[in-house]
Trainee: 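Quick one: this structure, given as structure tokens, is what I'll be asking you about.
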Amino acid sequence: MPEHLLVVSLAPAHESLQEFISRARRCHDLWFGSWLVAALSKAVARGVAEAIGPAGHEALLFPAPASAEELAPASSLTVANKVLALVPADLDPAEVARSGVRAFEQERDRWTADIFGRVGRDDRRRTENFHEHVARAQVAELFEASWVVVPLGGGFPAARAEADRLLAARKRTRAFRQPAWTREGVPKSSLDGLRDAVLDERIYDRPVTGRARPAALGSAERRRFYDVHGSERLCGVGLLKRFGRRVTDEAERIPSTNHLSTLPFLRGLDRDQARQEAVRRAWRDYRAALEDAGVLGEFQDAPPPLRSSLLGRIDGGVLYPGRVREALEDAGASEATRQIVEERRRALLRSAGRDEPSAYYAILVADGDSMGDLLSTLGTPGELRRLSATLARFARERVPAIVQEGEGALLYAGGDDVLALLPLHRALTTAMRVAQAFREELAPWATSGRVPSMSAGLAVVHSWSPLEEGLGAARDAEMRAKARYSDATDKKNALAIAVHKRSGEPLTVCGRWDALVPRLQRIADLQVEDELPGTMIEELAALERLVAGLHGETQDKARAIQRVEARRILGRKDIRSAVLEELGCWIDKGEIDGPALGREVAVARVFARAAKEAQG
């Protein structure tokens, strides 16, 4: 029997992998969904390696662990949801594949038992309030493992192409079964509407089904036992994400979107030495008011690396009136208490000499460009294994360090995929550094003189917007970046930034990393220094009408008129001559046209505000 190439794919049975990960209301839910897929995929790889033998880890091509220890559950190795391995000629490849599937199922059941053991742990009526058997059934059918084996007789590239074809066919022909957990008259999960909620309606003040009656749990007990608010229904998968932990709460705490959006503001407060004493007195008064109202505990979850010296472990959401009002309403605080709390919050801002903090943060979605083309050039299993090790080093070492230095939260880094949440004052620099690190690591894999690159989407979204919407905006921006230079010799290698305000159409700019990011940073710096009037934005954007619907030579002539008109608009503004010349040079050299400059000035404004907040 010849050697075989084995490919095992792990994916949600009833939705795409991206949909499963993005269905989250909290940052922690999003992170744990991403991490869980990687942990279960690692179990598949471990099961395959163990079936092959003592040196089975060396037979793995993707991932490519340096030792068997790297496949242990607690290791830092991140594994994508597709595992490739070479099965020796003396082994049954089907049995090796089944070993990987069994390892996945055992790991899934272990995590399910551990996590659900924490749900409602101190609730005396847990068996009535939490339908655990239904939750376990939902998780049991969540993921589906598919596998194919191909003999290597025709060579490695041909075997890999055939394996991809067969795997795609296998997924198209899978059998769908009626779920065993469906029940009549049960509300669906409020996150996705796919599965039945598993927390009984009796724990809610306003039940969706059944007769109205006093809730079996108060709002504080419901939060403590099941971590849900009064209108939130969760299925077993939602609870798995909500209660999922790897080590300890402190080590793994993911910042809230509120905390990320206030981080520039908090850094500025920490740097403002002149107002330090007055601000600390005001904070002590405000903190005491929150404590007296019984809501301070709602905000005590800021992760250690992102804490401010002023607030300590308190989440930055405490600075937003809407977030505080929500907590006070849940606690049943009186109107007088609410007024006292709000007065103390405003006093804190007055003592700092600042307006309300910005409520925006950024979501980064990045992905290697044309990785399929690169893989197609690999002629041997050894080459694939070396590439796999390079991608693992990028994901395990480079990306976490860059995101941590950028004061962000890394939700996922595996192979050439990155998902992170970033504060606006560090977002541009951090995104650029991730792309640069990818090119540095992949430089040895250059083909025809072209180094593999990375494209990304950076969505600026409101901290109260649903996470799923924000993630969708970032993925849409990433797709725009990859499509921007699809016809160029140097394909892709771009960044698209989409600013989503709470009203109006999103504002998007796109360009090459080495041109767009430095230009946006320069424009933001000019705005911080009050060098650019805001009135230029709409006038420059209106120039787009000059070329609308035109093509060929006529469009070229209109573009020339557009450049002259852009120069005239800039010349009428109160802009220093040196700055005016700098902007004009961008237009004259064709680096950017007038309307695009207007959009970039508008986009840079959100980063400039964050930079101002962080200055102190």
Side-chain angles (χ1 to χ4, degrees), residues 1-13 16-18 37-38 40-53 55-65 71 79-104 143-176 367-392 414-417 442 445 447-448 452 491:
M1 182 185 296
E3 278 188 302
H4 283 79
L5 175 65
L6 167 65
V7 181
V8 186
S9 174
L10 189 65
S16 72
L17 183 61
Q18 289 186 358
V37 174
L40 296 179
S41 298
K42 190 193 300 186
V44 172
R46 185 168 60 252
V48 167
E50 289 174 351
I52 292 175
H57 65 280
E58 297 177 357
L60 291 170
L61 306 180
F62 202 88
L71 294 173
V79 180
N81 68 315
K82 185 185 287 188
V83 174
L84 283 75
L86 279 183
V87 181
D90 59 341
L91 294 178
D92 179 0
E95 184 52 41
V96 173
R98 285 191 283 269
S99 176
V101 174
R102 284 195 298 270
F104 140 68
F143 292 104
E144 182 177 70
S146 304
W147 56 270
V148 297
V149 291
V150 178
L152 285 182
F156 179 69
R160 198 178 63 79
E162 177 66 3
D164 287 343
R165 187 189 69 79
L166 290 175
L167 188 62
R170 168 68 183 86
K171 291 180 179 179
R172 287 195 299 269
T173 56
R174 66 174 181 253
F176 291 94
D367 179 62
D369 294 326
S370 304
M371 294 303 291
D373 294 343
L374 174 58
L375 290 172
S376 67
T377 67
L378 305 180
T380 66
E383 289 179 335
L384 177 57
R385 201 168 197 280
R386 288 193 296 274
L387 175 61
S388 177
T390 299
L391 292 172
D416 62 327
D417 291 321
L442 273 291
W445 301 93
T447 56
S448 302
K491 293 182 179 180

Trainee: Could you walk me through whether W445 and L378 pass the side-chain contact (heavy atoms from CB on, under 4.5 Å) test, one step at a time?
Mentor: CA-CA 10 Å; W445 301 93; L378 305 180; 3.8 Å; yes
Trainee: Tell me the closest heavy-atom pair linking L442 and P452, and the distance in Å.
Mentor: O-CD, 3.5 Å
Trainee: Examine distances only and state if a side-chain atom of S9 and a backbone atom of K82 form a donor-acceptor pair shorter than 3.5 Å.
Mentor: no
Trainee: Do R165 and V150 make a side-chain contact, defined as non-hydrogen atoms from C-beta onward lying under 4.5 Å apart?
Mentor: no
Trainee: So which atom in D92 and which in R98 form the shortest heavy-atom distance, rounded to 0.1 Å?
Mentor: OD2-NH2, 4.2 Å
Trainee: Using atom types as modelled and distance alone, determine if a side-chain donor or acceptor of S41 lies under 3.5 Å from a backbone N or O of V37.
Mentor: yes
Trainee: Would you say that I52 contacts L60 through its side chain, given a criterion of any heavy-atom pair below 4.5 Å between the two side chains?
Mentor: no
Trainee: Using side-chain heavy atoms (C-beta onward) and a distance below 4.5 Å, is L387 in contact with L391?
Mentor: yes
Trainee: Quick one: pull up NE2 in H4 and CG in L86 and give me the separation to the nearest 0.5 Å.
Mentor: 11.0 Å
Trainee: If I compare all heavy atoms of A64 with all of S388, which pair ends up nearest, and what's the gap?
Mentor: N-OG, 3.2 Å
Trainee: Looking at side-chain heavy atoms only, is the closest gap between V87 and V149 below 4.5 Å?
Mentor: no
Trainee: Please tell me if the side chains of V79 and V44 come closer than 4.5 Å, counting only heavy atoms from C-beta onward.
Mentor: no
Trainee: For G379 and P157, work out which heavy atoms get closest and say how close.
Mentor: O-CD, 3.7 Å
Trainee: Check whether D367 reaches the backbone of D417 with its side chain - one donor and one acceptor, N or O, closer than 3.5 Å.
Mentor: no
Trainee: Which heavy-atom pair separates H57 from R385 by the least distance, and what is that distance?
Mentor: O-NH2, 2.8 Å
Trainee: What distance do E162 atom CD and L152 atom CG have between them, rounded to the nearest 0.5 Å?
Mentor: 12.0 Å
Trainee: Any side-chain heavy atom of L61 sitting closer than 4.5 Å to one from F156?
Mentor: yes
Trainee: So, for R170 and S146, which heavy atoms are closest and what is the spacing to 0.1 Å?
Mentor: CG-CB, 4.0 Å
Trainee: State, yes or no, whether a side-chain contact exists between R160 and L375 at a heavy-atom distance under 4.5 Å.
Mentor: yes
Trainee: Answer yes or no: is there a side-chain heavy-atom contact under 4.5 Å between F143 and P12?
Mentor: yes
